[in-house]
There are 2 protein chains.
Amino acid sequence: MATHSQKDAYLYKKVITIGTVCELTGLSERQIRYYEKRKLIFPERTERGNRKYSFSDVEMLMDIANKMEDGMQTSELRKEMQKKESKRYDNKLKERMIRGQLNAYFNKRD
Amino acid sequence: MATHSQKDAYLYKKVITIGTVCELTGLSERQIRYYEKRKLIFPERTERGNRKYSFSDVEMLMDIANKMEDGMQTSELRKEMQKKESKRYDNKLKERMIRGQLNAYFNKRD
DNA sequence: CGTGTAAGGAATTCTGACACG
DNA sequence: CGTGTAAGGAATTCTGACACG
């Protein structure tokens, strides 16, 4: 699941409450919760149900805020996200295929 | 004031509430507040007065917890910290002196 | 010395809804 | 569609103090 290195541990750790995210991004709680409903961000929850965000989420929210200002809609943002995700997936697939060819090559030598 | 690079920005940003710090460190609120009173950690405060910690603070607390388990006292920990700080200060001073000598050298050449 | 706890108050967060558009 | 707001409840955090040792 970890698509990032150990080094980025703090970037993805979900530890920030919504109030702090508001301060960091300048967005309202309402907006932040709405972007979650539109599947643009994915905070974790405490047992009680309080949202926890990562610095990565905060960066994403800044990005969202800019694009919303430019008139983009959440549905478009969502599509854009999925494109990037499938690109990442494609790269993984390619890597896997290349490894497969190498394995086939070495298997022939055996 | 920044003794760290841009890269560590998220390491020093004070964004974590005490409850989350408890979860991350396994310490009680009482303990965490006490170590602050003993000047071992320095959280920031929101306008209202709520404490905010950084990942760096969390790391320090883990360190403190280990040493307390080993029977060390907060006063000793404090001394240890100050030694490290003064060592950092000494290094800065040395650097400054070396630069001074170099400047003196180049000034002579002029 | 270091930590647990009960006390009371103030701020935080949550959800679902009404509103405008 | 995206966001503001009032509503009511539940969990969070704060401080100062009593307690044990």
Side-chain angles (χ1 to χ4, degrees), chain A residues 13-82, chain B residues 13-82:
Chain A
K13 198 112 191 173
K14 310 263 185 177
V15 296
I16 313 177
T17 54
I18 197 163
T20 306
V21 175
C22 289
E23 282 178 19
L24 293 174
T25 62
L27 296 169
S28 68
E29 292 186 16
R30 186 72 164 93
Q31 289 174 305
I32 294 169
R33 294 202 191 98
Y34 181 66
Y35 300 149
E36 176 185 357
K37 178 172 289 181
R38 301 314 311 273
K39 297 190 192 307
L40 298 177
I41 48 171
F42 306 92
E44 289 180 358
R45 297 282 187 135
T46 64
E47 327 84 66
R48 188 249 163 165
N50 284 15
R51 276 166 265 249
K52 290 293 181 67
Y53 303 85
S54 66
F55 280 113
S56 172
D57 291 327
V58 170
E59 287 183 0
M60 171 68 88
L61 282 168
M62 312 260 230
D63 212 59
I64 293 171
N66 284 332
K67 292 182 176 164
M68 292 295 287
E69 266 187 44
D70 295 349
M72 200 173 285
Q73 292 193 327
T74 56
S75 56
E76 304 177 77
L77 278 166
R78 175 78 183 140
K79 277 178 205 160
E80 206 178 80
M81 270 185 59
Q82 291 181 321
Chain B
K13 197 111 190 171
K14 310 261 184 178
V15 295
I16 314 177
T17 54
I18 196 163
T20 305
V21 175
C22 288
E23 283 179 17
L24 293 173
T25 61
L27 296 169
S28 68
E29 292 187 15
R30 186 70 164 95
Q31 289 174 305
I32 295 168
R33 294 202 191 99
Y34 181 65
Y35 300 149
E36 177 185 355
K37 177 172 290 182
R38 301 315 310 272
K39 297 191 192 307
L40 298 178
I41 48 171
F42 306 92
E44 288 181 358
R45 298 281 188 136
T46 65
E47 327 84 66
R48 189 250 165 165
N50 285 16
R51 276 167 263 249
K52 290 293 183 65
Y53 303 84
S54 65
F55 280 113
S56 172
D57 290 327
V58 171
E59 287 183 1
M60 170 67 89
L61 282 168
M62 312 260 230
D63 212 59
I64 293 170
N66 285 330
K67 292 182 175 163
M68 292 295 288
E69 266 187 45
D70 295 348
M72 201 174 285
Q73 292 193 327
T74 56
S75 56
E76 304 178 75
L77 279 165
R78 175 79 184 139
K79 277 179 206 158
E80 205 178 81
M81 270 184 59
Q82 291 182 321

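Heavy atoms only: backbone and side chains are in, while hydrogens, waters and symmetry mates are out. Order of the sequence lines sets the chain letters (A, B, ...), proteins ahead of strands, with each chain counted from 1.
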Pairing string of DNA chain D (Watson-Crick or G-U wobble, both atom distances under 3.5 Å; | = paired to other strand) is .||||.||.|.|.||.||||.
Are the side chains of B:Met81 and B:Met60 in touch, meaning some heavy atoms are under 4.5 Å apart? yes
Contact state string [nucleotides 11-16 of chain C, B base, S sugar-phosphate only, - no protein heavy atom under 4.0 Å]: S-BBB-
Do the charged groups of A:Glu76 and A:Lys67 touch, with an N to O distance under 4.0 Å? no
Can you tell if the side chain of B:Met68 reaches within under 4.5 Å of the side chain of B:Thr74, non-hydrogen atoms only? yes
Measure from the side-chain N and O atoms of A:Gln31 to the backbone N and O of A:Ser28, and report whether any donor-acceptor pair falls under 3.5 Å. yes
For the pair A:Thr20 (side chain) and A:Ile16 (backbone), establish whether a donor and an acceptor sit closer than 3.5 Å, ignoring hydrogens and angles. no
Taking DNA chain D as the partner, which of residues 64-77 of chain A come within under 4.0 angstrom of it by heavy atom? A:Met68, A:Gln73, A:Thr74
Between B:Thr17 and B:Lys52: side-chain donor-acceptor atoms closer than 3.5 Å: no
Measure from CG on B:Leu40 to P on C:dT3 and round the result to the nearest Å. 11 Å
C:dG2 phosphate, OP1 or OP2, under 4.0 Å from B:Tyr35 side-chain N/O: no
Any non-hydrogen side-chain atom of B:Phe42 less than 4.5 Å from a side-chain atom of B:Asp57? no
Heavy-atom check, side chain of B:Ile32 versus side chain of B:Cys22, under 4.5 Å: yes
To the nearest 0.5 Å, tell me how far B:Glu23 CD sits from B:Thr25 OG1. 9.5 Å
Would you tell me if any nitrogen or oxygen in the side chain of B:Tyr34 comes within less than 4.0 Å of OP1 or OP2 on C:dG2? yes
Could you tell me whether a side-chain N or O of B:Arg51 sits under 3.5 Å from a main-chain N or O of B:Glu44, the two making a donor and an acceptor? no
Could you state the CD-C1' distance from B:Gln31 to C:dG4, rounded to the nearest angstrom? 10 Å
